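Here the structure comes first, spelled out in structure tokens, and everything after it is commentary.
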Protein chains: 2
Amino acid sequence: MSTPHPAPVRMTRQRAAVADALQGSEEFRSAQQLHEVLRQRGDTVGLATVYRTLQTLVDGGDVDVLRTDDGESIYRWCARREHHHHLVCRACGSTVEIDGPTVEAWAQMVGTEHGFADIEHTIELWGICADCRR
Amino acid sequence: MSTPHPAPVRMTRQRAAVADALQGSEEFRSAQQLHEVLRQRGDTVGLATVYRTLQTLVDGGDVDVLRTDDGESIYRWCARREHHHHLVCRACGSTVEIDGPTVEAWAQMVGTEHGFADIEHTIELWGICADCRR
DNA sequence: AGCAAGAGTGAGAACCATTGTCAACTTCGC
DNA sequence: GCGAAGTTGACAATGGTTCTCACTCTTGCT
């Protein structure tokens, strides 16, 4: 198997803008929301580019994606690159990073116990944060 | 507050067909797959009707919905109506119903611990089942 | 059985988030 | 400064899901 081209990544105004917008918020945001934020901020970036950049960031492990109930993808720049989960506010998107060693182990065990391989899991918590409850 | 009309539900050939198709499989299936299954079986049902019926069944608690990685909704008639989770085969959709009292408690605790209310959680396991690994 | 009321259905249009297209434009190594 | 190749943006195209609306059944009542 020959080395697949490492695909060089260039720094562009658009990428910097998207990354900056993401790093500036604790909340999970949809691509469309980010696109709007950038527009208002003056950093005009094409919607397609926002999507592409987000995908790149996700692939690179800098950003996490989640699916809302209605199927929209929402993104967030996460502090820790290691595997972790989220406790997200349904109202404002505000998020707390969570990790649960116990749950990880449980998922793995239940999976193999039933003869499944390559086990992955989706574990996300949703609620209404203290601020939104005021 | 006066009793809102209970919305009577009528039994129709289409609903019976969809329910039957669902009850006949252990697997999670997409609306489109079910539509195709019904067509081949001779029970022609409009795609829109399949979607509507599935939604009704979900609302009634007879059917569970999940979202695949690519955003498609998949449905399954579940044996237990109580809250539970799933271990789903990424290849064939075959499913095992799971429950984890520990996890439930953990989710609840983590949530309140961070000041969140109305806590819900999404916990699903994905893997490749023994059969698909042959 | 006969009937009327209104829930249910289907074909196709409409939605809408996301992805593909492709010519024009930048970035970066030399 | 040059040029190869990665990037971008406007717009078309996808694809799952929902909406529309005229027509068809199920149901309850007689």
Side-chain angles (χ1 to χ4, degrees), chain A residues 3-22 27-60 62-76 93, chain B residues 3-22 27-60 62-76 93:
Chain A
T3 307
H5 294 192
V9 177
R10 294 181 180 172
M11 182 50 60
T12 63
R13 174 181 66 78
Q14 293 84 340
R15 282 183 181 160
V18 171
D20 187 70
L22 273 170
E27 294 86 37
F28 267 94
R29 294 292 179 221
S30 71
Q32 317 250 3
Q33 286 179 316
L34 285 167
H35 176 248
E36 179 59 17
V37 167
L38 290 171
R39 203 181 59 66
Q40 293 186 348
R41 178 192 284 201
D43 291 321
T44 311
V45 178
L47 182 55
T49 300
V50 173
Y51 275 106
R52 276 185 299 237
T53 303
L54 286 171
Q55 195 48 59
T56 304
L57 291 172
V58 169
D59 292 345
D62 290 310
V63 166
D64 278 8
V65 212
L66 246 55
R67 289 265 186 186
T68 61
D69 274 343
D70 45 301
E72 211 180 6
S73 292
I74 49 180
Y75 307 80
R76 179 176 189 273
Chain B
T3 307
H5 294 191
V9 177
R10 293 181 181 172
M11 183 50 60
T12 64
R13 173 181 66 78
Q14 293 85 339
R15 283 183 181 159
V18 172
D20 187 68
L22 273 171
E27 295 86 36
F28 267 94
R29 293 291 179 224
S30 70
Q32 319 249 3
Q33 284 178 315
L34 285 166
H35 176 247
E36 179 58 15
V37 168
L38 291 170
R39 201 182 61 66
Q40 291 184 350
R41 179 192 284 202
D43 290 321
T44 310
V45 177
L47 182 55
T49 301
V50 173
Y51 275 105
R52 276 185 297 239
T53 305
L54 286 172
Q55 195 50 60
T56 304
L57 291 172
V58 169
D59 292 344
D62 291 309
V63 166
D64 278 7
V65 212
L66 246 54
R67 290 263 185 185
T68 61
D69 274 344
D70 46 300
E72 211 179 7
S73 292
I74 50 180
Y75 308 80
R76 179 175 188 273

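Letters A, B, ... mirror the listed sequences (proteins, then strands); counts begin at 1. Model, not experiment: these values are computed from the prediction.
- To the nearest 0.5 Å, atoms CG (B:D43) and CG (B:L34) are separated by 12.0 Å.
- Going from atom CG of B:D59 over to atom P of D:dT18 covers 11 Å, rounded to whole Å.
- Side-chain contact between B:E36 and B:Q32 is absent, with no heavy atoms from C-beta onward closer than 4.5 Å.
- For the OP1/OP2 pair of D:dG9 and a distance below 4.0 Å, the side-chain nitrogens and oxygens of A:Q14 include at least one atom meeting the criterion.
- The side chain of A:A48 lies closest to D:dA10, out of D:dA10, C:dA11, D:dT17.
- With rounding to the nearest 0.5 Å, the separation of OH in A:Y75 from CD in A:Q33 is 11.5 Å.
- At the phosphate of C:dT18, OP1 or OP2 sits under 4.0 Å from a side-chain N or O atom of A:Y51.
- Ranked by how close their nearest DNA chain D nucleotide is to the 5' end, B:R52 and B:T12 are led by B:R52.
- Residue B:S73 is classed as a sugar-phosphate contact, given heavy-atom separations below 4.0 Å to backbone atoms only.
- The CD atom of A:Q33 sits 11 Å away from the P atom of C:dT18 (whole-angstrom rounding).
- Here the nucleotide nearest the side chain of A:T49, chosen from C:dG8, D:dT8, C:dT18, is D:dT8.
- Within the nucleic acid shown, B:R13 comes within 4.0 Å of sugar-phosphate atoms alone, with no base atom in reach, counting heavy atoms only.
- Of all non-hydrogen atoms in B:A17 and B:V45, the two that sit nearest each other are CB-CG2, 4.3 Å.
- For the pair B:D70 CG and D:dT14 P, the computed distance is 18 Å after rounding to whole Å.
- Both A:R15 and B:A31 lie near DNA chain D, and the one whose nearest nucleotide falls closer to the 5' end is A:R15.
- Atom CG of B:D69 has 12 or fewer heavy atoms from other residues, nucleotides or ligands within 6.0 Å.
- To the nearest angstrom, C1' of C:dA17 lies 11 Å from CZ of B:R67.
- Residue B:T44 is in sugar-phosphate contact alone, with no base atom involved, counting any heavy-atom pair closer than 4.0 Å across all strands shown.
- To the nearest angstrom, P of C:dC15 lies 16 Å from CD of A:Q32.
- C:dG10 atom P lies 10 Å from atom CG of B:L38, rounded to whole Å.
- For B:L47 and D:dT17, the CG to C1' distance is 8 Å, given to the nearest whole Å.
- If you take CZ of B:R39 and C1' of C:dG10, they are 16 Å apart, rounded to a whole angstrom.
- Comparing B:V50 and B:R10 against DNA chain C, the residue whose closest nucleotide sits nearer the 5' end is B:R10.
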